[in-house]
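Structure first, then comments.
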Amino acid sequence: MTSPAADAPARPNRAPLAITIAVVAGLVMAFFAFASLYADVLWYDQLGYLNVLTTQWVASGVLFVIGFLAMALPVWGAIQIAYRSRPVYAKLNAQLDRYQQVIEPLRRLAMYGVPALLGLFAGVSAASRWETTLMWLNRTPSGTKDPQFGLDVSFYMFDLPFLHSVLGFASAVLLIALILSAATAYLYGAIRVSGREVIISKAARVQIAVMASLYLLLQAASLWLDQYTTLTGSSTYLMAGAGYTDVNATIPGRAILAGIAAVVAILFLVTAIMGRWRLPIIGTVLLIITSLLIGSLYPWVVQRFQVAPSAKTLEAPFIQHNIDMTRDAYGVAGVEEIPYNATTEAEPGALRADAETTANIRILDPAIVSDSFEQLEQFRQYYQFPDHLDVDRYNIDGKSQDAVVAVRDLRLSGLSDAPDWVNRTLVYTHGYGMVAAYGNQRSADGQPVFLESGIPSTGALGAFEPRVYFGEDSPAYSIVGAPKGAKPVELDYPAGGDGGEQTYTSFSGDGGPKLDNIFKKLVFALKFQSEQIFLSDSVTNSSQILYDRSPLERVQKVAPYLTLDSDPYPSVIDGKIVWIVDGYTTSADYPYSTKTSWSKAINDAQTSAQSFALDDVNYVRNSVKATVDAYDGKVTLYAWDTQDPLLATWQKIFPSTVKPLSDVSGELMSHVRYPADMFKLQRAILGQYHVTDAGSFYSSDDAWTTPKEPTLPADNKTLQPPYYLTMQMPGQSSPAFSLYSTFIPDQKGDSTRDVLTGYLAVDADAGAKNGVRADSYGKLRLLTLPNDRIPGPGQVQNSFDSDPAVSQVLNLLKQGQSKVRNGNLLTLPVGGGLLYVQPVYVQSTGGTSFPLLQKVLVGFGNQIAFENTLDEALNVLFGGDSGAQAGDGGTPGGGVTVTPTPTPTPTDGGTTPPTTEPTTPPTTTPPNSGTADEQAKALLEVAKQALQDKQKAMADGDWAAYGAADKKLADTLSALMLVLGQ
């Protein structure tokens, strides 16, 4: 008779299946990882920067191995030594005996597994420090020495961070090894506790004492290096860098503590030989007590009882170090301070000497006219313009002309009727064209006057490649290119020149990895998780895949060491649309330099808060100018600051990736501008460090700050951004393209004294020579103004808003379905004082609307003018013979309304508005009877009717009626102003 167990069916062995599944899963994961890495190789190789990727990989890989071995081997060796030198016949207590029984089956795994696991963590940590390591290996002297130790500042930026990293890593390795070896010795009886007595075997004593000695030697070295970190940290009083207490107490104290730690380390070695623990224990206790006395108490006593009573005198030389080194680190040491005794009285003819500056005043606000660009130049729902446009300049008819510019980028979110993969990836692949408007002109009805517009692009910029495959808002990826002779499938622009409905093209450049085999198609199908890339018959061997298309993203990937400016801008250069990107090298380790938050410094009404890998910096250089071709995505880096040791170091790390300045073409040079983020950082520093006298700096009696944005509500703390303008500063022989900002007193939250104390401007034009910068480029000029005399932006805006005559007209403009938008409030040093100019836009609240520039506000001292054009407003303030020749509404200097190129309406119908006519005297005259109030009321009724007629004409698309109503409204408002001025 057989047993039940014998009759039971045998259980299937599932181990092979589990192993197979695990192996397959591992292979799949490995292939996914490989696909991602291979895609990176293809991307960098196509762009010509493969060495940037491989250098990072090799450096990270080598450091990972070093970190793994540097942790795993010492820990494994320490455990092995502790185990192999254990007492063979040690008598263990019951509890330890139970621990051994539990651990013993896993002992071999733990002895290898624990060091390996710790090694993995250490390897990852070491690999993340590839930048610090490579910078140390390729360090470049700066030629500038610190004022305390006389060391080259490169020591603080390259050597000190690396040495601290090495000492920190080595200390962690020794500490972990010491703890694990002690635990092993205790577990196997080499360390026993008997009552109050701790019994340590000779082998364990030698091992622990030697490791403790090495650890203390590392701490001695770290304490010695800490002397130098006082120059890069915060002082005990007022400023960055070492102060009186640091120099006379902290630095000597750390040197003494380093010596004591070295002596204690020797005592541990003596213990390893002689076997007596008393001396090293006493030495360790003395080290702790001494660190409290010398490291903390003594500096406090010096600061409290010696420095505090005489701080202004004792700290003066160290404050001076801080002032000098901070100004040098931020590139503001050469700022030219010019006392400017600005007048507040507008005198007739005062602007005659500044006629060229006033003719170039930019009345077009790039933060407002984006809606105008979109309505007039978008043409289709799948195009878009950025919310904030850029300011550039072009040579038009032999004269430099400020322009507001933008590219017509692609917007896939507008393809609600074509959401499928083919349309989004193969058909709608690129934007089209550059749109540019004169900064100092407007049409008669307030529209921008375009110098380049339309599809196809036409205008003053000449012939250039208009297609934008690489833009700020390009799709995540597109697949472009087609075999020779194949029918193009990429939509080029909506209306073809041959009468067809659409015009198509095929990308012919080298802009991305080629999909010329099945394996590459599979790699990118996995990367973008789209099976269509692999399966679609539209993806051929001639196809290329374009991705990582943002100019900032592309530059950041090929130059990972750069901090990039937040505002790349497009320019037409050498027949191509090119994005220009400013790159900065930064450090937080410049001696005696004050740290500044980068994100906070650049945060204003134009730039939102951002996060940076290194946010708190105390050294910055605009070391690189980068360009990104909008057609094929080619990235070119140019060495802009050849004196920067950081850039020189990175050029050694990534050789041949940065081209010399001599390679910059003349046309590119003419469009390079001083970067706004750099300027914002410098103005944040100069708010305090315009003071160069240590005594005055100590008293903080002349601190400045940037004004709040005056067009925002009073409770909004957003700063006013700097603005690009062509103007002539005191000390200049002619107007130049510049970037400026203003200062008001810094009263720590008190906003009642909004008066100008300073006016900062920088020459932003690099010139137009091949590889040769203009000598004036980057020249900072700071006008220092008399206190309490010149109203600040906040005061001027308040005067504009509260003026009865202005308010009455603005309220009239707000009637019906219209809203008034104040443009940027510009400040210019002209007429012997400071002139404020603000364009005023009117925009319908209807469905299809865009802002129209209708009025211009001008302020000088306590006087204001509010007219239809800048010419008229300046003439009201300075008299008709003032010499003012603003360009709004006409050609620069003429004051005559121009006839702009007809532009399509916001709809897709292609209807064009009528061209504007030359200005004529107002046809509406004030009534010659009745009181002023009665005349004003009558004119208000006429104006209201004209405004209603204007809005109705806009809604109906009747541009002839719109122009007539707009002219009638302008004439009526002019007559109303005459009545109000009686």
Pair Tyr504-Val489, side chain to side chain contact (heavy atoms under 4.5 Å, CB included): steps then yes or no: CA-CA 6 Å; Tyr504 293 88; Val489 298; 5.5 Å; no
Applying ring pair (Phe, Tyr, Trp, His ring centres under 6.0 Å) to Tyr477 and Phe524, what does each step give before you reach the verdict? CA-CA 10 Å; Tyr477 73 95; Phe524 286 103; 9.2 Å; no
Candidate pair Leu134 and Thr55, rule side chain to side chain contact (heavy atoms under 4.5 Å, CB included), full reasoning: CA-CA 10 Å; Leu134 291 184; Thr55 297; 4.1 Å; yes
Using the side chain to side chain contact (heavy atoms under 4.5 Å, CB included) rule, take Leu120 and Phe64 through it: C-alpha gap first, then chi angles, then the decisive distance, then the call. CA-CA 8 Å; Leu120 287 176; Phe64 176 85; 3.8 Å; yes
Asp473 vs Arg411, test: salt bridge (Lys or Arg N to Asp or Glu O under 4.0 Å). Steps then yes/no. CA-CA 7 Å; Asp473 295 296; Arg411 180 174 64 183; over 6 Å; no
Go through Trp579 and Val555 one step at a time and tell me if the side chain to side chain contact (heavy atoms under 4.5 Å, CB included) criterion holds. CA-CA 11 Å; Trp579 294 95; Val555 175; over 6 Å; no
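Taking the six-membered ring wherever Trp is involved, the centroid distance between the rings of Tyr215 and Phe268 does not fall below 6.0 Å.
Here the closest non-hydrogen pair linking Arg554 and Phe470 is NH1-CE2, 3.2 Å. A pairwise comparison of heavy atoms in Pro74 and Ala177 identifies O-CB, 4.2 Å as the closest pair. Residue Thr505 comes nearest to His430 through the heavy atom pair CG2-CE1, 3.8 Å, listed as atom of the first residue, atom of the second, then distance. Among all heavy-atom pairs drawn from Gln80 and Met111, the shortest one is NE2-SD, 3.6 Å. When all heavy atoms of Ala122 and Met71 are compared, the pair lying nearest together is CB-CB, 3.5 Å. The nearest pair of heavy atoms linking Pro386 to Val407 is CD-O, 4.3 Å.
Going from atom CG of Asp589 over to atom OG1 of Thr232 covers 5.5 Å, rounded to the nearest 0.5 Å. Here the straight-line distance linking atom OG of Ser474 with atom CD of Glu553 works out to 10.5 Å at 0.5 Å rounding. The structure places CG of Leu174 at 9.0 Å from CD of Gln219, a figure rounded to the nearest 0.5 Å. We find the CG-CG distance between Leu216 and Leu269 to be 10.0 Å, quoted to the nearest 0.5 Å. The CG atom of Asp582 lies 9.0 Å from the CG atom of Leu564; values are rounded to the nearest 0.5 Å. Separating the OH atom in Tyr156 from the OG atom in Ser587 is a distance of 12.5 Å, to the nearest 0.5 Å.
Asp632 contributes no side-chain N or O that, together with a main-chain N or O of Gly511, makes up a donor-acceptor pair within less than 3.5 Å. Side-chain atoms of Glu131 do not come within 3.5 Å of backbone N or O of Tyr561 as any donor-acceptor pair. Panel note: side chain Thr657, backbone Phe654; a donor-acceptor pair is recorded below 3.5 Å. Within the 3.5 Å criterion, the main-chain N or O of Val539 finds no donor-acceptor partner in the side chain of Ser543. Distance alone, capped at 3.5 Å, is enough to place a donor-acceptor pair between the Tyr49 side chain and the Val635 backbone.
Using a 3.5 Å distance cut-off with no hydrogens or angles, the side chains of Tyr631 and Ser508 do pair a donor with an acceptor. If you check the side chains of Ser550 and Glu472, you find no donor sitting under 3.5 Å from an acceptor. Looking at Asn138 and Thr649, their side chains never bring a donor and an acceptor atom within 3.5 Å of each other. Side-chain atoms of Lys527 and Ser36 form no donor-acceptor pair, as typed in the model, at a separation below 3.5 Å.
Taking 4.5 Å as the limit, every side-chain heavy atom of Asp409 sits out of range of all side-chain heavy atoms of Tyr383. Between Gln544 and Ile479 there is no side-chain heavy-atom pair separated by less than 4.5 Å. Taking 4.5 Å as the limit, every side-chain heavy atom of Arg424 sits out of range of all side-chain heavy atoms of Pro475. Proximity of Ser478 to Arg549: side-chain heavy atoms (C-beta onward) are separated by under 4.5 Å at one or more points.
Scanning for salt bridge (charged side-chain N to carboxylate O under 4.0 Å, His left out) contacts around Asp516 gives Lys520, with sequence neighbours left out.
Between Phe507 and Tyr469, the ring-plane angle classifies as perpendicular under the 30° and 60° cut-offs. Between Trp650 and Trp130, the two ring planes are perpendicular [angle over 60°; tilted spans 30° to 60°]. Ring geometry for Tyr38 versus Phe34: interplanar angle under 30°, hence parallel rather than tilted (30 to 60°). Ring geometry for Trp76 against Tyr112 counts as tilted: the plane angle lies between 30° and 60°, on a 0 to 90° scale.
Taking a cutoff of 4.0 Å between a charged side-chain nitrogen and a carboxylate oxygen, Asp492 and Arg467 qualify as a salt bridge.
Crowding of Arg129 atom CZ: a count of heavy atoms from other residues, nucleotides or ligands under 6.0 Å not exceeding 12. With a 6.0 Å radius and a threshold of 12 heavy atoms from other residues, nucleotides or ligands, Ile518 has its CD1 atom at or below the threshold.
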